[in-house]
Asks: 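One structure, pasted below without further comment.
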Amino acid sequence: MSISLLEELQSGEYETAMFLTYTINLRFFELMILPRLRRMGVSRVGILIDQKGYQDSLADPLAPQFCGREYILAPIHLPRGGIQHAKLIWLQKHGKITAYIGSHNLTMAGFNDQVEVTAKLTSTNPGHIQALCVLHDTVSSVILPSLDYVWKHTVPPTAEQDFPTAKVLSSFDRSLFDQIVETVQIADELRVVTPFLDATALKSLSEAVHAETVLLDLPKEGADTPLLQVVEAVPGLQPRYLEDKRLHAKAYQFTATQTSWLAIGSANCTQAALMKSVAEGGNLEFLLLLEDASLPDENFGFTTISSPGAFPNTGRNWDASSASPASIIIEEAFYKDRQLTVKWKLLENTDLSEITLDVDGESISILSSSSNATRVTLDKAPQSVTLKATIDGNISQTRGWVINYDALEEKVSQAKLHQWVERIASEDPRQHADSIAIWLVQGIQELLQGHHETESGPLQSWEGSVQKQEKTQSKRQFYEVFAYSSDLTDIRTSARTLLASYSNGDPLVLLRVLLIRFAANPSLDMTENTKDDDDAYDATMQHYLAKRKAASQSIVRNLVHQLDRLTKAEVNWNSVSEQDFSIGLRILLGAVARICFSIVEDILLKDAEDLTEHYIHFFEWLVSLSAARPLMQQPQFKGSFLLSIGAVARIAERCKEPTLYPRLQKASKRFFVDGDLRSIITTWKQIAPEDADRFLTLSKQGDLWQQVEPYGLRLLGIIPDYLRRKIEQHWGLLLALQEADMHSNPQREDLYAQAKTKYFGEEIWIRYDEARHRKKSLPVIFQTTRKVCSACYQLLPERKWQQLRVGEAVICDGCHQILLLKG
Amino acid sequence: MTTTEMGWTKPLAVARSYIDPSGVQSASTTFQALLFPGMSTQTTRLRYIPLIAAARYYRMEAGKGAEDQLSLTNYLRRFEALIAVRSIRHHPQERILDGIVGRGAGLSMSGQEEFELKTSLQNPPYNIYRGTLYNLGILDTSTTSDPLFNQAKSLAMAWDISAANAIGEDMRKGILPSRMRRDTVDEIAPAFCLCKIPEGSVEQQALMQNLFALGKELQLPSSYENEDALVLHSQACRSLAWRFLLELVLDSDNKRLSAQYTLVYLLSHDFVPPTEHPTLQFCLQTWRWIAARTFFERGWTQIFAQILQVLRQEREGLSRKELQQKAQEDYLTENQDEPITRLIQEVEAKCNSPEWLLERFDGKLYRDFLLCIYIGLFMAVEDKKRYGTPILENLWEREPVPFSREYTRFEKGIRNNNRTSTLWAEIGEESLTQHFQIALRKMSFGNPDTLLVDFDNGQWRVPEKAQDEYPRRAEGSTRLDIGLQWAQQLGLIETTGQGGFALTEVGLHCCVEWDREHRQ
């Protein structure tokens, strides 16, 4: 099994995220992780990082834009000089927790490029509860006050524990070595995957578990220790290396006769990681220990090292203390209510004679060097500050990111809006499918609950749609941006404005926008100065189209599921207010129409049939509902109903299952019994133009009804206007002649002459002329709305029926009468 | 067995094509899309537009009966195959046309007496031209079903379906056969061939009306104060761009136009007097910016490719300091170190010489790359001063890699008496930074991985996945080049030898008509 961390972070709903990492690339985090978190609804984000990684981030050429303003990055100093080396992703919303524990730092290499290991723990798995509790306890023990803003919004899982299926080992209190040996006790074979290694650690481990053979997997660049030393220290060692890919995973696999154990996580096979606890000067590390588990087969191969003496090594000494720390560190720097507060700490008992603070290139002298904090009033929050201190006559300098609580608070307060803005801005169709699913689930939930008070997204409640919206800008203009623009800033700005202006009054706006973004051309690389475009394999476009197809299927399946959920719900609909019921149902009908219209080209046959089947079921359920009967008389309701029928009819036309289309037709005709149904839409537009506009507006021009009208009318046996005109233009003369012939009208000879010229040579004319000469054979032209001859009632062959449907005249094989489609 | 989901991590899919990896070209390409909407550098064959419009129109007219017999997707794929094979059969004695999407399949079909209409293209013409069809107001691509706009019916019907004989009849029914004979193809090849729009045809008229917005009231931008105005009046922008293109051909007087020759011509000729034609003058200013920007891109992309090459040689990566040192050493292997001011003086002295500009554009020395960058900056800053129009101020700040920031880099370099090798290394690292951000941004939209470099743990390095990827340098072609091709295919201009062009009578007529309708 393999896990893509970047794919994993594409779905789910959370509010709080905490990361533990040794190193970080902040631009990677901001571009690849932060938008994902926003789309998942995460409003509070914290990162606990080792001091070295923190200082490196301040000198990174890829300068961050949002550090301190959208997330908090805080360094940790472990008491005895160990490093913060644990890697963890913790996502939480109320009691729901998902955590990833592994070897991955918060960098592009760690999340994507290198060979790493990871494991997913969830609070929905009772066997993971204990492991999650241990993780939460450990992080709570080391968390810094500056991260309280985030971490205090997490709680350990409260669900009932089952027998633990995974065990978290933390080096905080005890060495990992002791904990592993205590659990594993004995193993015939030991496999160690580690990019960093010292011989004594491996020797101790293999001896402690009495391993007879030791398989050691290293990166191609070698470990820290010369491999020969390790081979000499560990009898039965079989070293291997990984070609082509960069190995950064850390794993320990113990195989005994009866059982096996696997430990994966952050700990290298070194003294600092494995043999010491934090209190003993070791690193903070996590391992996840699993019984009866082994490393899955990798799709990359390890190569045996035949000459250990010639194998390279890095020479790095993990036990030596890291670079000498600065004499002064910034403990906290934050901005709140236009005040910048900086707190610092001297690491040793030294003589501090002068201290200044650099903010955006301006030095602020701090008068009292005896205090350990300063506060200055600033109109604008700086992103980072530098503290310069003269200590024992030497100048020491340290930097820190500023936590801007004002900006963080604003982000939290607008988390829902940001979530949906980011979801709209996304160019991943799967993300849009996910968003549409959330939209539908929430909407159906609200409909099922009648009027409810639960928290909802920017959809507000569907019931909110009765409010009159304030029009700031034409919706069409926004739709243009979403359909056309490749400028993400523009899309985000438009999304923000549109959601703020319209979503409260019109929940369909959000769905429409998501569907437009779903269908919009992605801003792919089509712009290069290349002329050789022939047969070019455009992997990016193909990748995108494949994803869109899969996403379409997901949208349809979710719609089917939601229709099913609604019809099976045990709800007393008579207790729901008529207004709430009407609004909820109409929005659902509008959603059905929009979704069908948008995904029709990507739909699979099976999904088309499934959707038609469930829609028919929904239709029958709705028509049979006594609470819905009063609604059926309202033009607005009938209009939205008809709209959905037209859109589903288009899908139904694609079904191969022969009974589906007739069933939909039968159901529709039973409900829509009155004359020309186009008048329903016309009436709707006349009496409630704004309401109709909400349901019908498309981007650019035209409306949804125009697009689905032919399918709806065809289903209901009404021919479209253009076809009616076509029949009139082409066959009007012949019909007029028949009328004149039958009534011996004086103009009949003139008409005959005209018709002869017009239709001369056509099979239809020959047949008419023949019947005319017999006189009693008239009328010979009949009109039908069905696949049946209206003269002899014989079923027409498919080909003739299709000819009729495009306005052509045909001759019935049974009675030889001429047939035309009835307008 | 454990129930815990765990395992090795899996990377995202890696892209197989790397387009504008440095990201520097997007500032210009997105702006060109505003100036010349409805065209991309991939859409080189104008006739795809009326052909696809006609195919879509007749298919929609045919209604459901057609869908029962042949799905829309298969119908379009067959139609594209028809275009490919006929475009090849139409020119049996000549060089195969460029821009036929599915040329390989077209050739293969041409070689058989009877063949299946199929190209098996991964990215069919319909996908490539879909954006263009939207921008020209032909297809509504805001939904996946892409219905035809009402206003586009006249263009769709302008294509002479009767010239397609029996295939035309099939198209009226919304269907196409799965197999076809070669002799049938030969009979009707001109109706489908991509080589040109038939002269004097209704199709030609309809296309001219669409592109030049003839017969329509337009609000031409009197000044480009902001880009929103361009987006709002895209039809007017397109109309103006076409008129500008004809003006360029008219003024060029048979001088070579294409790619860098067009750029150099634009930079060396201020050919539209503002008093005579103010809107065209604004148009010229913006195209001059694009020309300057393309010089800049040329230099930037070559430096990026070179710095990546330096980094690729160090498997373990380089710290920032090491990278700077290696880049400088690399520069000095074939180039002399000199003060930055010397580059600047050279540009100022020689930028009026078209020959010198062309030599720099095609230059192979690292020094030429730096000169290209400064040519772009210098030309843009001079125009900004000379014309003083708001749009040039906006373009000066246009992201990514804005001129303003890079100009400041040069100014700072002069103040600090920096030398060219230092500047080279500095721009080199900046190009890596830009690439990293642009690649991640693309990936964050769900695109495959195009990252060629990583910065991790204080080290720049080329990851294993990108060891064999070599980014290409920016070429000199712009949308004006595609415009020149379309104009030829539409019969508005013709070649005069030596790479020059002249207006045809139809082209001249277009100019006159446009001026009569829109000049005021």
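In what follows, chains carry the letters A, B, and so on, assigned in the order in which the sequence lines appear, proteins first and then strands, with residues in each chain numbered from 1. Side chains are part of it too, since the values below use all heavy atoms of this structure and drop only hydrogens, waters and symmetry mates.
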Asks: So, do B:Glu5 and A:Glu8 sit near enough that their side-chain heavy atoms are less than 4.5 Å apart?
Replies: yes

Asks: Could you check whether any side-chain heavy atom of B:Pro463 comes within less than 4.5 Å of a side-chain heavy atom of A:Gln114, counting everything from C-beta outward?
Replies: no

Asks: Minimum heavy-atom separation for B:Leu12 and A:Met32, please, with both atom names.
Replies: CD1-CE, 4.3 Å

Asks: So which residue, A:Ser103, A:Pro429, A:Ala119, ends up with the most heavy-atom pairs under 4.5 Å with chain B?
Replies: A:Ala119

Asks: Taking every heavy-atom pair that is under 4.5 Å apart, which of A:Asp60, A:Asn105, A:Leu5 has the most such pairs with chain B?
Replies: A:Asp60

Asks: Heavy-atom distances under 4.5 Å only: say whether A:Tyr100 touches chain B with side chain, backbone, both or neither.
Replies: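 Neither part, no heavy atoms under 4.5 Å.
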
Asks: Salt bridge between B:Glu316 and A:Arg246, side-chain N to carboxylate O under 4.0 Å?
Replies: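 Here B:Glu316 pairs with A:Arg246 in a salt bridge, since their nearest N and O are under 4.0 Å apart.
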
Asks: Between NZ of B:Lys465 and CG of A:Asp244, what distance do you get to the nearest 0.5 Å?
Replies: 14.5 Å

Asks: Got a sec, which residues hit side chain to side chain contact (heavy atoms under 4.5 Å, CB included) with B:Ala439, two or more places apart in sequence or on another chain?
Replies: B:His435, B:Thr450, B:Leu451

Asks: By a 4.5 Å heavy-atom criterion (distance strictly below it), what part of B:Arg315 contacts chain A: side chain, backbone, both, or neither?
Replies: both

Asks: Which bit of A:Ile264 is near chain B, if near means a heavy-atom gap under 4.5 Å: side chain, backbone, both or neither?
Replies: side chain

Asks: Among B:Lys173, B:Gln437, B:Gln32, B:Glu61, single out the residue with the greatest number of heavy-atom pairs under 4.5 Å to chain A.
Replies: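 Max contact count across the listed options: B:Gln437.
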
Asks: What part of A:Glu221 is in contact with chain B, defined as an atom under 4.5 angstrom from a non-hydrogen atom: side chain, backbone, both or neither?
Replies: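 Interface part for A:Glu221: side chain.
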
Asks: Could you tell me which portion of A:Thr118 (side chain, backbone, both or neither) has an atom closer than 4.5 angstrom to a non-hydrogen atom of chain B?
Replies: both

Asks: Report yes if the side chains of A:Asn25 and B:Asp456 come closer than 4.5 Å at any heavy-atom pair, otherwise no.
Replies: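 No. Closest side-chain heavy atoms not under 4.5 Å.
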
Asks: What heavy-atom pair brings A:Asn112 and B:Pro11 nearest, and what distance separates the two atoms?
Replies: O-CB, 3.1 Å

Asks: Answer with side chain, backbone, both or neither: which region of A:Asp56 has an atom nearer than 4.5 Å to a non-hydrogen atom of chain B?
Replies: side chain

Asks: Using non-hydrogen atoms only, which part of B:Leu72 is less than 4.5 Å away from chain A: side chain, backbone, both, or neither?
Replies: side chain

Asks: Contact part of A:Ala249 toward chain B, heavy-atom cut-off under 4.5 Å: side chain, backbone, both or neither?
Replies: side chain

Asks: Measuring only between side-chain heavy atoms, which start at C-beta, is A:Lys52 closer than 4.5 Å to B:Asn457?
Replies: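 Yes; the side chains approach each other to less than 4.5 Å.
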
Asks: Checking heavy atoms, do the side chain of A:Ala59, its backbone, both or neither come under 4.5 Å from chain B?
Replies: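 Just its backbone gets close to chain B.
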
Asks: Side chains of B:Lys442 and A:Glu427: closer than 4.5 Å at any heavy-atom pair?
Replies: no

Asks: For B:Thr4 and A:Ala166, work out which heavy atoms get closest and say how close.
Replies: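 Residues B:Thr4 and A:Ala166, closest heavy atoms: OG1-CB, 3.9 Å.
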
Asks: Under a 4.5 Å cut-off applied to non-hydrogen side-chain atoms, are B:Trp460 and A:Pro61 in contact?
Replies: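 The answer is yes, as the side chains (C-beta and beyond) meet within the 4.5 Å cut-off.
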
Asks: Please identify, among B:Arg461, B:Gln434, B:Glu429, the residue contributing the most non-hydrogen atom pairs under 4.5 Å to chain A.
Replies: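 When all of B:Arg461, B:Gln434, B:Glu429 are compared, B:Arg461 has the most.
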
Asks: Pick one of side chain, backbone, both or neither for A:Ile101, based on which atoms fall under 4.5 Å of a heavy atom in chain B.
Replies: neither

Asks: Just by modelled atom types, is the A:Pro296 backbone N or O under 3.5 Å from a matching donor or acceptor in the B:Trp8 side chain?
Replies: yes

Asks: Quick check for you: to the nearest 0.5 Å, what is the distance between B:Gln459 atom CD and A:Thr23 atom OG1?
Replies: 12.0 Å

Asks: With a 4.5 angstrom heavy-atom cut-off, could you sort out which part of A:Ile33 is near chain B: side chain, backbone, both or neither?
Replies: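 Neither the backbone nor the side chain of A:Ile33 comes within 4.5 Å of chain B.
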
Asks: Are any non-hydrogen side-chain atoms of A:Phe28 and B:Phe455 less than 4.5 angstrom apart?
Replies: no

Asks: For B:Glu430, is it the side chain, the backbone, both or neither that has a heavy atom under 4.5 Å from a heavy atom of chain A?
Replies: neither

Asks: Minimum heavy-atom separation for A:Met108 and B:Asp449, please, with both atom names.
Replies: CE-OD2, 4.1 Å

Asks: Within the 4.5 Å heavy-atom criterion, are B:Met6 and A:Leu288 side-chain neighbours or not?
Replies: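 No, their side chains stay 4.5 Å or more apart.
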
Asks: So, taking the atom named CG in A:Asp113 and the one named OG1 in B:Thr9, what distance separates them when rounded to the nearest 0.5 Å?
Replies: 9.5 Å

Asks: Taking only residues two or more places apart in sequence, or in another chain, which ones meet B:Ser431 in a side chain to side chain contact (heavy atoms under 4.5 Å, CB included)?
Replies: B:Trp300, B:Phe304, B:Ile307

Asks: Heavy-atom pairs under 4.5 Å with chain A: which of B:Leu432, B:Leu440, B:Thr433 has the most?
Replies: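 Result: the option with the highest number of such pairs is B:Leu440.
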
Asks: I'd like to know which of B:Arg320, B:Arg441, B:Met443 tops the heavy-atom pair count under 4.5 Å against chain A.
Replies: B:Arg320

